[in-house]
Amino acid sequence: MYSETEDVIRALAENAESVCRAYLPAGRREGSYWIVGDLQNNPGRSLFVRLTGPVSGPGAAGKFTDGATGEHGDLLDIIRERTGISRFPDLLTEARAHLGRPQPVLPNTPVPKKPNPPGGTPAAAARLFAASMPVAGTLADTYLRSRGLTQGGTMSALRFHPTCWHRDEGQTRSIPRPALIAAVTDGAGALQGVHRTWLAPDGQGKAEVKTRRRAMGHLLGNAVRLSPHEDILAVGEGIETMLSLSEAAPGLPVWAALSSGHLGAVQLPEGVQRLYIAIDRDPAGQRVAERLSARAIEIGIGCHVLEPQLGDFNDDLRANGKDALRQHLAGQIGPEDRHRLFC
């Protein structure tokens with residue numbers, strides 16, 4: 001009997017090295033194994049993923065073991081751990097997307113004449129972004145300016161949608177609300193997802209709902225590229241955080257990874273010589289800075305960590321102003337890049 005789950009697991013095993021490179025990029029291949037520190041993608045030599053072997057049974061390709069913790073499993077388990085996806089159907093969707101497979105049609109299952117467009121996919125994200133409008137002069141512009149951010153209207157990665165559907169957990173009906181829309185792109189510039197921030201009706205803050213932000217599409221390894229990278233790049237978590245750096249250091253290329261987990265996994269582009277990691281002032285920020293610095297240094301990229309005085313750089317900007325933030329950054333940015341503060 002046909003089992004799509006077994007088929008996906010088999011296909012992942014046949015492409016085990018590709019899966020490891022995408023979801024455990026801190027590791028490396030050694031012989032028949034991909035070796036990395038742990039399931040959190042820390043550098044090291046504790047977790048072994050077999051890249052070759054039979055389809056099933058002892059020594060099967062795609063199986064992993066962590067010598068330090070005793071954890072073991074298959075490539076679906078790795079994808080679940082690295083993406084945080086909890087629903088099994090969504091996990092299969094992520095795996096199919098990595099394999100480049102379309103939504104499957106099972107044998108003897110009639111194909112709907114007019115299927116509903118899938119949600120949560122890069123295609124759905126592209127439709128939402130295309131239906132949005134430039135930020136300048138919209139409620140999204142009002143929102144950003146209320147946070148001390150004046151550059152959002154000039155950035156093509158940001159757009160505004162006046163009636164973006166929103167539904168909190170437990171609600172049965174979606175409600176259209178204004179939203180700031182951010183494009184999540186890959187290294188080739190292709191749109192892989194979007195991030196939505198729902199706004200108050202007057203734009204003076206976020207919407208009064210439980211879930212104010214939500215992403216769709218493929219985020220792992222990708223980022224909101226607010227400005228093009230050069231030989232240097234600054235990466236951090238939030239969109240507002242990185243726009244705050246642009247206010248104080250307009251010559252600094254900035255990307256937003258959207259969360260600490262995704263910041264640790266962001267794919268660093270070729271040609272970058274110095275990386276600035278803008279962290280939030282919390283333990284998660286410190287941990288992710290250590291992981292990302294280790295990855296960057298391993299491939300020959302110099303690293304600096306930018307740390308705010310308050311919770312994050314937008315807090316600094318709103319509390320102390322642009323000039324004070326620029327002065328604070330001048331003490332953390334390398335001397336070869338300080339001219340970026342005044343470009």
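Please read all numbers here as calculations on a predicted model, not as lab measurements. Scope of the values below: all heavy atoms of this structure, side chains included, with no hydrogens, waters or symmetry mates.
The ring pair (Phe, Tyr, Trp, His ring centres under 6.0 Å) check on Tyr143 picks up nothing, with sequence neighbours excluded. Residues that satisfy the side-chain contact (heavy atoms from CB on, under 4.5 Å) test with Ala97, not counting sequence neighbours, are His218. Residues satisfying the side-chain contact (heavy atoms from CB on, under 4.5 Å) test with Asp38, not counting sequence neighbours, are Gln40, Asn42, Asp66. Scanning for salt bridge (Lys or Arg N to Asp or Glu O under 4.0 Å) contacts around Arg338 gives an empty result, with sequence neighbours left out. Taking the side chain to side chain donor-acceptor pair (under 3.5 Å) definition, one finds that Glu230 meets it with Arg340, sequence neighbours left out. Considering only residues two or more places apart in sequence or on other chains, Ser244 meets the side chain to side chain donor-acceptor pair (under 3.5 Å) condition with Asn314. By the ring pair (Phe, Tyr, Trp, His ring centres under 6.0 Å) test, His98 pairs with Tyr23, sequence neighbours left out. Qualifying side-chain contact (heavy atoms from CB on, under 4.5 Å) partners for Thr154, counting only residues two or more places apart in sequence or in other chains: Gln151. Here His166 pairs with Trp198 under the ring pair (Phe, Tyr, Trp, His ring centres under 6.0 Å) rule; sequence neighbours left out. Qualifying side-chain contact (heavy atoms from CB on, under 4.5 Å) partners for Ile9, counting only residues two or more places apart in sequence or in other chains: Thr5, Asp74, Leu76. Applying the ring pair (Phe, Tyr, Trp, His ring centres under 6.0 Å) criterion to His262, with sequence neighbours excluded, gives no partner residue. Looking at residues two or more places apart in sequence or on another chain, you find no salt bridge (Lys or Arg N to Asp or Glu O under 4.0 Å) involving Glu71.
Using a 4.5 Å cut-off on side-chain heavy atoms (C-beta onward), Gln204 and Thr142 make contact. Between Val209 and Arg177, the closest side-chain pair of non-hydrogen atoms falls below 4.5 Å. With a 4.5 Å cut-off on side-chain heavy atoms, Val272 and Ile232 do not count as touching. Two residues are said to be in side-chain contact when any heavy atoms from C-beta on lie closer than 4.5 Å; Val49 and Thr65 fail this criterion.
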Chi angles and distances behind the side-chain contact (heavy atoms from CB on, under 4.5 Å) call for Phe64, Leu47: CA-CA 7 Å; Phe64 76 86; Leu47 189 144; 4.0 Å; yes

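The neighbour count for Lys206 NZ, taken as heavy atoms of other residues, nucleotides or ligands under 6.0 Å away, is above 12. When the shell of 6.0 Å around CZ of Arg28 is examined, it contains 12 or fewer heavy atoms from other residues, nucleotides or ligands. Annotation: Gln332, atom CD; neighbour count of heavy atoms from other residues, nucleotides and ligands within 6.0 Å is above 12.
Among Glu237, Glu290, Arg287, Glu307, the single residue meeting the side-chain contact (heavy atoms from CB on, under 4.5 Å) criterion with Ile279 is Glu307.
One distance of note links CD1 of Ile78 with CH2 of Trp34; it measures 11.0 Å at 0.5 Å rounding.
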